[in-house]
Amino acid sequence: MPQLDLATLESWLWDSANILRGSIDSSDFKNYIFGLLFLKRANDVFEEEVQAIMARDGITRADAETETYFFIPAEARWEELKKVTENIGIALDKAFAAIERDNTMLEGVLTATKFGDKERLSDDVLQRLLRHFNQYSLKNQDLYTPDLLGDAYEFLIKQFADDSGKKGGEFYSPRGVVTTIVRLIKPQPKQRVYDPTCGSGGMLIESAKYIAALPGGKVGSNINVSLYGQEKNIGTWAIGKLNMLLHSYMDADLRKGDTLVNPQHKDNNGELMLFDRVIANPPFSQDAWWTPAEVSQEVKLDKDGKEKKITPNYAKVVVDKLGRFQYGIPPRGYADLAFLQHMIAVLKDDGKAGVVLPHGTLFRSGAEGTIREKLLKADLVEGIIGLPPALFYNTGIPASIWIINKAKPKHLENKVVIVDASGEYKEGKNQNELLELHINKIVAAYDHFVKEAAVDEPVSEKFARLVDVSEIAGNDYNLNISRYIDTSEREAEIHLHHVKAELERLEEREREIDAKLATMLNELGI
């Protein structure tokens, strides 16, 4: 059998989604297909490892099975599951529970999706799925490259996001945006990289890939980085965990829970763990974001005697014992700057962060305006990049990238790099896209200012500028990009003397034509 290449693998895996169409909502495809993909892959690698140990050590199969890195219990073996013809979903649920029982790193990951509901998935559909997944071997020796499964997984996440429409934004960030942020904050070998709203883990994986290409980025076959993340949606968290495993990031520390209310990554003293790089695409303008205030809303009776909940005043009721919101409490309707302040709080003193936020964070007034002013006065904002519209699944509005640097170099102190990349995109039917040429232009312009002694070509002021904070203060700390980048086309200069001379020439020419016309008419007797 020839080795499986990426195009074949992608087509094969996507065909599995077509088997599910009509049985379940397309936004749920990923949960079932990723689970089965992992089950088949784990079984094939387990079998491959068992055979290798038996050949190497000359021991029995039973003994070899106890020495594998990842153990597959008997009730979860692929060959046994293929034989089941009734209650297949229940057999799969038991198989996933057994794998979690014997591999504690997967606790809660595989059982997050339930296969046993026959009203959603009949035995016929599940049998078709198992037969479909049985077509190819996913052993390492049968894959064209070791990273093939990880690449195919990323392809599937993108496809599922396309298929899910707006819901896709809950677990997928556009690849071009992710690549841009990673290249702007430049994670380095040996660093801790953290995503507080990690979704399916794409930003962490892209950071690891960037580090792998650097000198010292790999130790043997392992990438020299520590990955951390937290995700509120349990199904998405499970997909992220599987994503890490299929990319061979076995030690990635992804945790469940609401990062704003209950951040999970803490040291032994209960203090927030600190990171070298923080990268995120939080949910845009999440409202009612402080759960303790929402579950304890006051209730009053209106004039008709009906109960009416009193909207909590976040400035008074939000109390963060970890001290993350030192620049101010964001309003109830916009969690954007709460996420940003959390990221700042968990950054090391020499750390950098990159985060996608809606454009409104650049100019909204009130509590957000106050927070923005304090961040700029604290000299934490290194850069603002305005992105094109319609890049994201859940909104058509443009967004911006904020770059935070706790240790800005001397030449960037009290200055902000502002880039207007709103015109840098390939237009698409549903979503616009940042291509490599657009990413390169953005990063090159940004790096031009970040370098202390730039020797490259100067950057057009219609695309990027290094703006002094005093200029921003003159605009009441409004960061709306149009205030700093003038993209209007310059009108051509008019030289009045030249215009007058040209008019005189045209008038003389008109007189000559009139004289010729009069002569011709006279000759014709008209």
Side-chain angles (χ1 to χ4, degrees), residues 173 177-212 214 216-217 219 222-232 237 240-241 243-244 247 249-282 320-327 335-357 375 378-383 401-409 450:
S173 298
V177 176
V178 176
T179 302
T180 300
I181 300 177
V182 170
R183 293 185 190 176
L184 290 171
I185 66 173
K186 297 176 172 50
Q188 298 297 304
K190 300 182 180 180
Q191 288 188 337
R192 287 178 172 180
V193 181
Y194 167 66
D195 183 344
T197 56
C198 64
S200 56
M203 286 188 157
L204 294 173
I205 287 170
E206 189 64 27
S207 298
K209 287 182 177 179
Y210 179 90
I211 290 171
L214 299 175
V219 179
N222 296 319
I223 298 176
N224 198 2
V225 65
S226 299
L227 302 177
Y228 301 82
Q230 186 166 338
E231 172 55 41
K232 184 177 181 179
W237 166 80
K241 289 281 285 187
N243 198 4
M244 293 297 161
H247 278 88
Y249 302 132
M250 302 296 184
D251 298 325
D253 184 356
L254 303 192
R255 302 190 187 179
K256 296 175 281 188
D258 184 335
T259 301
L260 292 180
V261 174
N262 188 21
Q264 293 293 304
H265 292 90
K266 298 176 184 176
D267 61 24
N268 294 333
N269 297 318
E271 300 292 329
L272 290 169
M273 189 183 293
L274 300 181
F275 305 93
D276 302 282
R277 294 290 186 271
V278 182
I279 183 169
N281 176 17
D320 178 43
K321 295 179 180 179
L322 295 166
R324 291 170 293 169
F325 307 136
Q326 57 180 298
Y327 301 99
D336 309 303
L337 296 185
F339 283 111
L340 182 62
Q341 288 188 81
H342 169 79
M343 294 172 71
I344 292 170
V346 298
L347 264 186
K348 291 182 178 179
D349 289 340
D350 59 350
K352 291 185 77 169
V355 57
V356 185
L357 297 176
L375 292 173
D379 205 17
L380 289 168
V381 183
E382 181 183 277
I401 297 171
W402 288 59
I403 304 296
I404 301 295
N405 190 347
K406 279 194 172 180
K408 290 167 74 170
V450 171

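Residues take their numbers from the sequence shown, with the count starting at 1.
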[Y] and [X], any side-chain heavy atoms less than 4.5 Å apart:
X    : Y    : result
T179 : E206 : yes
I205 : N243 : yes
Y327 : L380 : yes
I404 : V381 : yes
D276 : P187 : no

- Given side-chain contact (heavy atoms from CB on, under 4.5 Å), test N281 with V177 step by step and report yes or no. CA-CA 9 Å; N281 176 17; V177 176; over 6 Å; no
Please name the pair of heavy atoms, one in [X] and one in [Y], separated by the smallest distance, quoted to 0.1 Å.
X    : Y    : result
A345 : L274 : O-CD2, 3.6 Å
V225 : A208 : CG1-CB, 4.1 Å
H342 : P263 : CE1-CB, 3.8 Å
L254 : Y228 : CD2-C, 4.2 Å
A353 : M343 : CB-CE, 4.1 Å
L214 : P189 : CD1-CD, 3.9 Å

Nearest 0.5 angstrom please: [X] [atom1] to [Y] [atom2], how far?
X    : Y    : atom1 : atom2 : result
L337 : W402 : CG    : CH2   : 6.0 Å
Y249 : K241 : OH    : NZ    : 15.0 Å
L347 : R192 : CG    : CZ    : 12.5 Å
L340 : R324 : CG    : CZ    : 12.5 Å
D251 : I223 : CG    : CD1   : 12.0 Å
M244 : S200 : CE    : OG    : 8.5 Å

Has [X] got a side-chain atom pairing as donor or acceptor with [Y]'s backbone, closer than 3.5 angstrom?
X    : Y    : result
D336 : L357 : no
K406 : I344 : yes
N269 : E271 : no
Q230 : Q264 : yes
H265 : D253 : yes
D350 : A407 : no
R277 : Q191 : no
D258 : K232 : no

- Message: Does atom CG (N262) have a neighbourhood of more than 12 heavy atoms from anything else shown, all under 6.0 Å?
- Response: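 Yes - once you tally the heavy atoms of other residues, nucleotides and ligands closer than 6.0 Å, there are more than 12.
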- D267 CG: over 12 foreign heavy atoms closer than 6.0 Å: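 Counting neighbours around CG of D267, more than 12 heavy atoms of other residues, nucleotides or ligands fall under 6.0 Å, so yes.
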- Message: Going by the rule side-chain contact (heavy atoms from CB on, under 4.5 Å), which residues pair with D379 if we only count those two or more places apart in sequence or in a different chain?
- Response: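 If we apply the side-chain contact (heavy atoms from CB on, under 4.5 Å) test to D379, skipping adjacent residues, the hits are K408, E413, N414.
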- Candidate pair I403 and K352, rule side-chain contact (heavy atoms from CB on, under 4.5 Å), full reasoning: CA-CA 7 Å; I403 304 296; K352 291 185 77 169; 4.2 Å; yes
- Tell me, with the steps shown, if K266 and L322 meet side-chain contact (heavy atoms from CB on, under 4.5 Å). CA-CA 10 Å; K266 298 176 184 176; L322 295 166; 4.2 Å; yes
- Please work out which of the three classes, parallel, tilted or perpendicular, describes the rings of F275 and Y194, given edges at 30° and 60°. parallel
